[in-house]
Amino acid sequence: MRELYILNYLFVIASLVYGCKQNEDKPKATNSNKPNIVFILADDLGAHDLSYAGSDYYETPYIDTIAREGVHFTQGYAAAQVCSPSRASLMTGQYTARHGVTDWIGAATGEKWGEYYNTKVLPPDYEHALKEEDITIAEAFKAGGYRTFFAGKWHLGDEPYSPENNGFEINKGGWEVGSPKGGYYAPWNNPKLDYKYNGENLTKRLALETADFITENKDQPFFAFLSFYAVHGPIETTEAKWEKYRNKAEQKGIKDSGYDMERILPIRNVQDNPIYAGLVESMDDAVGVVLNRLKELGLDDNTIIVFTSDNGGVASGDAFSTSNFPLRGGKGYQWEGGIREPYLIKAPMYKDAPSVIEYPVSGIDFYPTLLDFAGVDKPKNQYLDGLSLVPLFEGKSLDERALFWHYPHYGNQGGEPVSMIRKGDWKLIHYYEDGHDELYNLKHDVGEKENVVAQNMEVARQLKKELENNLEETGAAVPVSNSKYNNSKAIELYETRKNQMLPNLEKQRKKILSKDFNPQNNWFDSKSTKD
């Protein structure tokens, strides 16, 4: 413990010295007094997939800088446990039940889902794009005199529901799909962003496009939304990064087992995937491209930077990439691992803002918060579920409130159809398959190991009533029973996953960590994903 304190002390001293050197001879910003906004959104990045957040395997020095120089919200949440709903909430400032995009766009519903996957309930239909009447955060900034820019993953509707039709004047790479078609190294397949040469890195390219937009618009206020496809599958990296993290895993000691069995699927319990680690570092390198450009232009003192993710890290399903420990679950799951996120805001004009804030916040809060930072009026015809967090930067407090989630679908990663409420330290999960509830005290049980609903019936009753009122007020669609559900088939499938899938995953993990690992293509590819 003593060594840890010494290392932390040396880290702080080094940071101060580095900061002083960076401020010497820095050019004066020529922008107006309105602050610029750079919103950086990672895809499928877990709450503990960053160095500052406790990972001793992944290395993210540039994102750590945002955390060190800005405000770290320790209880930051995505508005949903999968991508499209969460992203729609960022764009609208609304809960998923209100804007209607409750599942990743492209997922099956109703009997089509139930017959194929043999589930107890049939998921309801959902909106497949942002509603035309909704005013996006980009449209609000554009109306407020800002230049607007989007780069990367959109996944919020096909034409005519593209970024260009939702307030973004420039779009580089945003279209209907949710993953990087063709992978992270050119040749990739993206009608909104052609590659320049074979082997070009998509993540870095998106950062360079963002940095160039900043350079071209340095003399006027801008709102730039950099939406990485990383670290979504397919999981790919370079040989050099794979080797670096393979060796690091070996130095740390490779565990005999890397998986446990969750309710439906195996789940990863250790961070030691060198392919994923390399992808995380590549994303961090790309963040550095943007941060360095802001410093070069002298804009960093007048630019608000946001960094967050759209849902939890992929611990089950897809590429089984990471572990969100001590949080339970991951992407697609109803537990904290599916919704707890990195949530960073660097607002350099607030010199006395606290460095760490424990107030629970959500993706719905960015919309009103950023508009308040910029002095831009909130649209009169846009209902906002989110809350401005600016008072917290001023040292003030905010009243306790409830946060809600509505996901009446099945996650590809093992999540179940649920609605949820968190208020204070309590979190209640309502399950649509059989109507039961789970209650957790997150202060004492962040890993959600003990359901204490039986010992706290009155707390559960009050939370359930508040949740039901919210679902009714937002017009939430709910699942219906599947009359064709076959319980024997479900038990058989679980046993197959436990007795065949789990051992195969362990073999694959050891193979990727072996010194003679030799993939059958030019880049290190694990698995593609469905969303």
Side-chain angles (χ1 to χ4, degrees), residues 1-11 44-61 63-64 67 230-231 233 235-262 265-285 312-331 335-337 340 342 413 446-447 449 498-519 523-527:
M1 183 63 70
R2 181 173 178 270
E3 288 82 2
L4 180 60
Y5 285 133
I6 293 173
L7 286 173
N8 287 337
Y9 175 77
L10 293 173
F11 176 77
D44 291 357
L45 185 75
H48 298 295
D49 281 353
L50 301 164
S51 306
Y52 85 86
S55 176
D56 61 358
Y57 187 56
Y58 312 130
E59 297 178 15
T60 55
I63 299 171
D64 294 349
V231 291
I235 310 303
E236 297 175 331
T237 192
T238 62
E239 183 173 5
K241 280 185 166 56
W242 164 80
E243 184 175 18
K244 169 185 174 179
Y245 285 101
R246 195 219 71 83
N247 292 340
K248 187 172 184 178
E250 186 174 61
Q251 292 166 5
K252 285 168 52 65
I254 297 174
K255 295 183 179 180
D256 291 335
S257 173
Y259 293 91
D260 292 315
M261 201 63 198
E262 210 11 296
L265 282 170
I267 190 165
R268 179 179 276 269
N269 60 24
V270 62
Q271 293 183 346
D272 66 359
N273 185 334
I275 303 174
Y276 181 74
L279 181 57
V280 171
E281 184 180 302
S282 293
M283 182 193 64
D284 186 74
D285 290 341
V314 182
S316 277
D318 300 348
F320 295 84
S321 308
T322 191
S323 169
N324 299 296
F325 183 82
L327 306 179
R328 184 178 180 183
K331 177 183 179 180
W335 299 301
E336 293 291 280
R340 191 80 74 97
Q413 304 77 19
V446 72
K449 297 178 181 178
K498 179 180 178 180
N499 298 319
Q500 296 182 25
M501 178 185 284
L502 193 151
N504 287 337
L505 286 168
E506 294 286 10
K507 291 179 182 178
Q508 182 190 52
R509 170 176 165 265
K510 291 293 182 65
K511 180 179 179 181
I512 291 172
L513 285 165
S514 67
K515 291 182 179 179
D516 58 353
F517 175 57
N518 182 25
W523 310 104
F524 291 95
D525 178 19
S526 56
K527 293 181 180 178

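All values reported here derive from a predicted model rather than from experimental measurement. Residue numbers start at 1 and run along the sequence shown.
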Taking atom [atom1] of [X] and atom [atom2] of [Y], what is their separation to the nearest 0.5 Å?
X	Y	atom1	atom2	value
Leu265	Leu502	CG	CG	10.0 Å
Asn504	Lys511	CG	NZ	11.5 Å
Ile275	Thr238	CD1	OG1	11.0 Å
Arg268	Thr322	CZ	OG1	7.5 Å
Lys248	Ile254	NZ	CD1	13.5 Å
Phe517	Glu239	CZ	CD	10.5 Å

request  = For the pair Leu327 and His48, evaluate side chain to side chain contact (heavy atoms under 4.5 Å, CB included) and give the outcome as yes or no after the intermediate values.
outcome  = CA-CA 9 Å; Leu327 306 179; His48 298 295; 3.9 Å; yes
task = List the steps, then state whether side chain to side chain donor-acceptor pair (under 3.5 Å) holds for Ser316 with Glu262.
result = CA-CA 9 Å; Ser316 277; Glu262 210 11 296; over 6 Å; no
request  = Might you work through the side chain to side chain contact (heavy atoms under 4.5 Å, CB included) test for Val231 and Val314, ending with a clear yes or no?
outcome  = CA-CA 9 Å; Val231 291; Val314 182; over 6 Å; no
key: Check: Tyr58 ring centre within less than 6.0 Å of Tyr245 ring centre   =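 No - the distance between ring centres of Tyr58 and Tyr245 does not fall below the 6.0 Å cut-off.
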Please check: side-chain N/O of [X] versus main-chain N/O of [Y], any donor-acceptor pairing under 3.5 Å?
X	Y	value
Glu336	Gly447	no
Lys241	Ala277	no
Ser55	Asp49	no
Gln413	Ala315	no
Trp335	Lys449	no

Which atom pair, heavy atoms only, marks the closest approach of [X] to [Y]?
X	Y	result
Asn273	Ser321	CB-O, 3.6 Å
Ala319	Ile235	CB-CG1, 3.5 Å
Asn324	Gly330	ND2-CA, 3.3 Å
Leu279	Ala230	CD1-CB, 4.1 Å
Thr237	Pro274	CG2-O, 4.2 Å

key: Steps toward side chain to side chain contact (heavy atoms under 4.5 Å, CB included) verdict (Ile512, Trp242)   = CA-CA 9 Å; Ile512 291 172; Trp242 164 80; 4.3 Å; yes
key: Electrostatic pair Glu250-Arg246, nearest N-O below 4.0 angstrom   =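 Counted as a salt bridge, because a side-chain N and a carboxylate O are separated by less than 4.0 Å.
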task = Let me see the working for Met283 and Ile63 under side chain to side chain contact (heavy atoms under 4.5 Å, CB included), right down to the final yes or no.
result = CA-CA 9 Å; Met283 182 193 64; Ile63 299 171; 3.8 Å; yes
task = Let me know which of Lys252, Arg509, Lys510 forms a salt bridge (Lys or Arg N to Asp or Glu O under 4.0 Å) with Asp272.
result =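 Only one of Lys252, Arg509, Lys510 forms a salt bridge (Lys or Arg N to Asp or Glu O under 4.0 Å) with Asp272, namely Arg509.
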query = Should Lys331 and Asp318 be marked as a salt bridge (Lys or Arg N to Asp or Glu O under 4.0 Å) after you check the CA-CA gap, both sets of side-chain angles, and the distance that decides it?
reply = CA-CA 10 Å; Lys331 177 183 179 180; Asp318 300 348; 3.7 Å; yes
Over 12 non-hydrogen atoms of neighbours within 6.0 angstrom of OH in Tyr52 =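 Buried by this count: over 12 neighbours within 6.0 Å.
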